[in-house]
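Every chain is numbered from 1 and lettered A, B, ... according to where its sequence line falls, protein lines coming before strand lines.
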2 protein chains.
Amino acid sequence: MKDNYHHGDLRNALIEAGIKIINENGEDALSLRKVAAACGVSHAAPYAHFPDKESLLSAIKETVTNDFLSELEKAANGSKVKNAQEAIMAMGERYILFFRNNPDYFNFLFHKQKPEVHTDMSKDYPNDYAPFLMFKRYLNKYFEESGIRLSAKEKEIGLIKTWGLVQGLSSIAGMENVNATISWKVLAKECLK
Amino acid sequence: MKDNYHHGDLRNALIEAGIKIINENGEDALSLRKVAAACGVSHAAPYAHFPDKESLLSAIKETVTNDFLSELEKAANGSKVKNAQEAIMAMGERYILFFRNNPDYFNFLFHKQKPEVHTDMSKDYPNDYAPFLMFKRYLNKYFEESGIRLSAKEKEIGLIKTWGLVQGLSSIAGMENVNATISWKVLAKECLK
DNA sequence: ATTCAATCTTTACGGTGTCAAGTTTAAATT
DNA sequence: AATTTAAACTTGACACCGTAAAGATTGAAT
């Protein structure tokens, strides 16, 4: 009566178990064998769903990123947000706070694989790192709304400044005694002049 | 005739070998046993000099950070630098370029241990992350030179803005298509208004 | 009823960090 | 100069890891 066969949804169970382990004991504590054990399954079972450990980690990153994205969307659609400029301000703050509240996520999400980004503002690259894409779209909207005429190069620099600032400050947001959102609030206003 | 005993300077040899492996094949390729083998020594020999692997990695980080620091000092002492403000601009650019040229170093240096920093501008914390300390000192000098009277809180925010910007932008400096020094040059001028 | 492909188990291999016990050596002590 | 000592190294062992191969189990398709 081996009812361990055909778990039902092992793939997702592995992802959930992986997230739990990372949250409780850090990324280093995560091993394929522990994740498998947490799901009550043999140590080689994950190989039916993921070709290797890195692939499981990628799947975990994907779901974490999705959670992150939905937080950003909530911020951008907040009731107090009246235009693209305010949406960007709100997103940025939420962005930085996310990594302040989960300092380990920054390295976990980025330390192996750099996010793909294209700073060319005239085109959309749907495979780009989704939070970056969100900034890019709102910034384009802001440029339209503001009515200021900018060259392609100027727009690109504007994007690097605002998103680079957010992503950059996020990397220090988890440090003790560092209030990264202050920098954001002050500098972002100068970015979006 | 075992002339492997008393290597002479195994501690430093291990550090050098470790740096070489990291530069050639990345941090993941570094194992205590490989480092030991590269020094022609048995797999447990490192334990005479380091209590564990993490400790060897810390020593490696220390020497890398020292190289980094001396680059910053060279920038700050450049012949074209006439005052503290220009020193900060030059340091920042070199700072970001260092991580653009060695993208893997950013995660290697920071992904386990966050650098210690104290943003209180009135005191010196000699154990703080050295590159941060350097910024802090030059910024204090800049505040003196500029003659502007600022409150303690305003000075602190100024520090978070400038160093946070540099350290932050460094985290994205290694990405394709991202010119982080542009952001630095534009934003730093607004920081040091 | 049989086949089949997906899912999971078992076993095995080489690599890893770390520990314990033994060996070698240079330098300190007598 | 002989002996002791402590540091620097070797050897061997252990548990854990990622991964591969081969076999067992199962629900669904034929």
Give me the one residue out of B:F99, B:F108, B:Y129 that meets ring pair (Phe, Tyr, Trp, His ring centres under 6.0 Å) with B:F68. B:F99
Which one, [options], comes nearest to the side chain of [X]?
{"X": "B:A45", "options": "D:dC9, C:dT7, C:dC19", "answer": "D:dC9"}
{"X": "B:H49", "options": "D:dT10, D:dC9, C:dT7", "answer": "D:dC9"}
{"X": "B:V41", "options": "D:dA20, C:dC8, D:dT10", "answer": "D:dT10"}
{"X": "B:S42", "options": "C:dT10, D:dT11, D:dA8", "answer": "D:dT11"}

Please state how far atom [atom1] in [X] lies from atom [atom2] in [N], giving the value in whole angstrom units.
{"X": "A:F50", "N": "C:dA6", "atom1": "CZ", "atom2": "C1'", "answer": "15 Å"}
{"X": "A:L56", "N": "D:dT19", "atom1": "CG", "atom2": "P", "answer": "10 Å"}
{"X": "A:D9", "N": "C:dT7", "atom1": "CG", "atom2": "P", "answer": "11 Å"}
{"X": "A:R11", "N": "C:dA6", "atom1": "CZ", "atom2": "P", "answer": "15 Å"}

Could you list the protein-to-nucleotides 14-18 of chain D atom pairs, N/O on both sides, closer than 3.5 Å?
from, atom 1, to, atom 2, distance (Å)
D:dC17, OP1, A:S31, OG, 3.1
D:dG18, OP1, A:L32, N, 3.1
D:dG18, OP1, A:K53, NZ, 3.2
D:dG18, OP2, A:L32, N, 3.0
D:dG18, OP2, A:R33, N, 3.4
D:dG18, N7, A:R33, NH1, 2.5
D:dG18, O6, A:R33, NH1, 2.9

Would you say that more than 12 heavy atoms from the other residues, nucleotides or ligands in this model lie under 6.0 Å from the CD of A:E73, or not? yes
Using 4.0 Å as the upper bound for N to carboxylate O, is an ion pair formed by B:K185 and B:E93? yes
Applying side chain to side chain contact (heavy atoms under 4.5 Å, CB included) between B:Q167 and each of B:F135, B:F106, B:F132, report the one that passes. B:F106
Taking A:V64 as the starting point, is it possible to reach A:I22 by hopping between hydrophobic residues whose side chains are less than 4.5 Å apart? yes
With respect to B:T119, which candidate in B:E156, B:K155, B:K136 satisfies the side-chain hydrogen bond (donor to acceptor under 3.5 Å, both in side chains) definition? B:E156
